[in-house]
Amino acid sequence: MYLSFCAALAFLPAVAVQATAEPVHAIAMQGEPALQDGFRSFPYANPDAPKGGDITHCVVGSFDNLNPFIIKSLRTTARGMIDTIFGNLVFEPLMQRSADEAFSLYGLLAKTADMPADRSSIEFHLDPNAKWSDGKPITPEDVLFTYEVYTEKGRPPYSDRMKRVEKLEKTGERSVRFTFNDKADREFPLIIAMTPILPKHAFDKDTFDQTTLKPLIGSGPYRVAQVVPGQRIIFERNPDYWARNIPAKRGFDNFDRITIEYFLNANAQFEAFKKGICSTFAEADPVKRERSFDFPALKSGKVIAETFETGLPPVVTGFLFNTRLPKFSDPVVRRALAMLYDFEWANKNMFAGQYQRTASYWQGSELSALGQPASAVETALLAPFPGKVLPEVMDGTYKPPVTDGSGRDRKVLKAAFELLKSAGYSLQNGRMIGPDGQPFGFEILTASQSEERLAALYQRTLQKIGIEVVIRALEADQIQARKQRFDFEVLIGTTGFQGTLSPGIELIFRWGSESANTEGSFNLAGVADPAVDAMIDAMLNARDKEAYVAAVRALDRLLISGAYIVPMQHNTQQFLAYWSDLAHPAKTPIFGYQLPTWWHKAE
């Protein structure tokens with residue numbers, strides 16, 4: 001089957017390839033990479049960081065699988081195999097992303113890449129020193145196998161990669177070229193470059209889609225040393241790691257041993273941190289920090305509490321509606337419900353006034369539509385979809401309702417009620433009745449005490465206009481299972497991805513119609529709107545910065561007007577407490593602190 005797959009790829013019609021003058025060490029989505037060929041290390045890493053020592057990360061949940069690339073992995077795969085926080089400890093991509101640039105990639109498994117100006121193809125030239133953890137060399141055949149097994153047995157988005165590839169071929173002893181079809185966009189070559197590569201010799205394709213607790217072979221800096229299902233996974237640094245001295249990895253992966261401990265809830269996790277079991281603890285709630293961070297180790301200086309400023313738009317967190325359900329299919333109803341989150345009360349009474357109201361999906365950046373009238377380019381993009389964007393969002397005057405902070409602001413309640421009336425709702429005997437004659441209400445799923453408090457605040461406000469809300473607390477893994485099959489009405493969550501200055505193909509899986517009913521996708525709200533699809537397409541195919549910014553702003557206007565989520569609040573600072581035997585580089589990149597660059601202080 002493998003040979004037939006590759007043979008089929010090799011004989012697919014070729015697209016004309018206009019090669020660049022020579023392969024390059026780095027590529028960027030917009031403009032040029034910041035670092036020239038021959039750079040010593042990323043500016044946020046310490047190339048002279050000492051190696052050694054241990055670190056223990058603690059998380060809430062459980063695991064029963066080590067393969068992060070299969071459908072069954074979406075729920076309970078062990079952290080660290082591929083990880084945006086702890087690092088890609090086992091599996092690596094062809095190129096490494098810089099955390100201090102919007103979207104630039106530098107050589108990793110591929111030492112260089114060759115991409116024409118029209119981005120119709122990309123050719124990767126593998127580093128001749130690249131090896132798997134068992135010492136075998138990484139070859140073009142591994143890249144071909146990776147895409148075969150992802151296509152046949154992988155989970156989205158990995159399983160969808162080949163839909164945009166016209167031809168995949170080995171072009172030399174250490175080279176492989178992807179030629180793209182008309183479904184690909186200008187970002188797609190970078191997505192290919194960021195896709196983890198698997199060893200052909202270490203996987204059985206027939207059983208690839210089954211969960212496993214057997215340590216897997218990868219190319220990364222660590223090997224799995226011990227697995228205690230559901231409780232602990234331990235990684236040990238590979239002393240023969242092939243990439244330890246390449247520029248994109250210099251100053252990374254400094255601990256000899258990384259342990260990831262699992263806990264049933266955040267309270268148990270915090271108690272373990274105070275005892276020194278966990279090396280770090282992140283707490284987003286400023287009130288919890290004020291109340292809880294007064295233990296002896298902190299007072300004595302053994303624990304350090306620090307804030308890091310990021311340069312990214314905040315992650316949008318809020319009450320997310322499942323619009324697949326008839327009760328949430330009308331945007332007018334969702335807009336009315338969105339008016340009833342009392343941020344002013346929450347910020348004063350729950351967050352010590354330390355938060356800002358979230359109102360845009362790219363807030364605080366040039367990509368945000370807040371305070372910006374639509375440009376001529378945006379207006380043209382949105383013209384085929386009349387009525388999709390609210391006038392106040394279009395002209396840049398939109399702001400979320402501001403309450404008096406009392407928890408019972410009648411003017412906001414009245415405005416929301418009038419909007420519901422316009423959609424056919426009525427108040428009868430103290431209950432909100434829908435156009436179908438049935439009482440209107442819904443269930444909110446929560447996974448923590450802090451989420452329950454927020455849900456209770458929302459519940460109290462909604463009850464004032466006759467909307468009955470039930471709050472159901474579940475364990476994190478139960479909620480994840482419900483998310484995966486879209487079995488919920490409302491949940492407190494994020495839009496699925498970290499805030500970014502370079503939104504791209506991930507938005508298809510977050511907001512695109514093709515992912516609305518794909519099990520395991522991040523399109524939890526079930527958005528299936530041709531206007532949203534068109535803006536994502538325009539963004540992905542933008543050839544200059546003006547067109548790109550316009551497309552993202554137009555998308556922002558659609559998402560704000562669609563009210564798929566009730567945005568709550570944000571604080572752009574990252575808070576992290578850590579034991580004083582840890583150290584980190586002086587520079588914080590735009591993506592925030594990077595744990596893979598930390599190290600253990602010498603005794």
Side-chain angles (χ1 to χ4, degrees), residues 19-20 22-45 82-84 87-88 91-127 129-130 138 142-143 146-147 157-158 161 164-165 168 174-178 180 184-197 218-221 242-243 245-253 311-312 497-498 500-507 539-540 542 545 548 589-592 594 596-597:
T20 54
E22 61 182 29
V24 293
H25 75 292
I27 55 178
M29 182 60 197
Q30 304 286 340
E32 297 295 327
L35 304 177
Q36 299 297 313
D37 193 11
F39 71 97
R40 187 182 181 201
S41 68
F42 286 145
Y44 56 89
I82 53 170
D83 204 294
T84 57
N88 295 335
F91 297 104
E92 296 180 312
L94 291 163
M95 304 188 81
Q96 174 81 6
R97 187 168 189 170
S98 168
D100 205 35
E101 300 173 50
F103 197 177
S104 292
L105 305 177
Y106 294 81
L108 186 55
L109 294 181
K111 188 171 185 177
T112 58
D114 184 347
M115 181 172 66
D118 64 2
R119 302 193 179 190
S120 59
S121 68
I122 188 167
E123 185 171 16
F124 297 101
H125 308 285
L126 299 177
D127 191 311
N129 297 315
I138 296 173
D142 292 316
V143 180
T146 295
Y147 280 84
Y158 304 111
R161 297 285 195 258
R164 295 172 172 82
V165 177
L168 170 55
R174 289 189 294 271
S175 299
V176 60
R177 178 186 293 150
F178 293 77
F180 305 118
D185 50 67
R186 292 180 59 76
E187 186 195 43
F188 195 61
L190 280 76
I191 300 302
I192 292 292
M194 289 173 57
T195 302
I197 301 301
S219 63
W242 72 274
N245 288 318
I246 71 169
K249 294 293 283 182
R250 195 172 284 130
F252 285 69
D253 315 313
L312 297 176
F497 291 82
Q498 185 180 22
T500 177
L501 294 170
S502 183
I505 197 171
E506 76 278 3
L507 297 190
M539 174 193 68
L540 293 175
K545 186 173 182 179
Y548 179 78
I590 60 174
F591 278 75
Q594 302 292 304
T597 66

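Only heavy atoms go into these numbers, but all of them, side chains included; no hydrogens, no water, no symmetry mates. Counting begins at 1 with the first residue of the sequence.
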Quick one: are [X] and [Y] in side-chain contact, heavy atoms under 4.5 Å?
X	Y	answer
Phe124	Ile192	yes
Pro589	Pro43	no
Leu501	Leu312	yes
Glu506	Thr500	yes
Phe178	Arg161	no

Sequence neighbours left out, what passes side chain to side chain contact (heavy atoms under 4.5 Å, CB included) with [X]? Give chain and number order.
X	value
Ala45	Phe252, Thr597
Pro196	Phe69, Ile82, Phe91, Tyr150, Tyr158
Pro93	Asn88, Leu108
Ser175	Glu123, His125, Thr171

Rounded to the nearest 0.5 Å, what separation is found between the [atom1] atom of [X] and the [atom2] atom of [Y]?
X	Y	atom1	atom2	answer
Asn129	Leu109	CG	CG	12.0 Å
Ile138	Arg174	CD1	CZ	12.5 Å
Ser98	Phe591	OG	CZ	8.0 Å
Met115	Asp118	CE	CG	9.5 Å
Ile505	Ile191	CD1	CD1	5.5 Å
Asp142	Ile197	CG	CD1	8.5 Å

Just list the side-chain donor-acceptor pairs under 3.5 Å for residues 23-41, sequence neighbours left out, or say none.
residue: His25; atom: NE2; partner: Leu35; partner atom: O; Å: 2.8
residue: His25; atom: NE2; partner: Asp37; partner atom: N; Å: 3.3
residue: Arg40; atom: NH2; partner: Asp48; partner atom: OD1; Å: 2.8

Next on the checklist: With salt bridge (charged side-chain N to carboxylate O under 4.0 Å, His left out) as the rule and sequence neighbours excluded, what pairs involving residues 185-196 come up?
Outcome noted: none
Checklist entry - Do any N or O atoms from the side chain of Tyr44 and from the backbone of Ala99 form a donor-acceptor pair under 3.5 angstrom? => result yes
Checklist entry - Is a side-chain N or O of Arg177 found less than 3.5 angstrom from the main chain of Ile122, in a donor-acceptor match? => result no
Next on the checklist: Would you say the ring centers of Phe42 and Tyr106 fall short of 6.0 Å from each other?
Outcome noted: yes
Item to check | Over-ring placement of Arg97 relative to Phe103, 6.0 Å and 45° cut-offs | outcome: yes
Item to check | NZ (Lys111) with more than 12 external heavy atoms under 6.0 Å | outcome: no
Next on the checklist: Restricting to non-hydrogen atoms, name the atom on Ala102 and the atom on Ser502 that form the minimum distance, rounded to 0.1 Å.
Outcome noted: O-CB, 3.5 Å
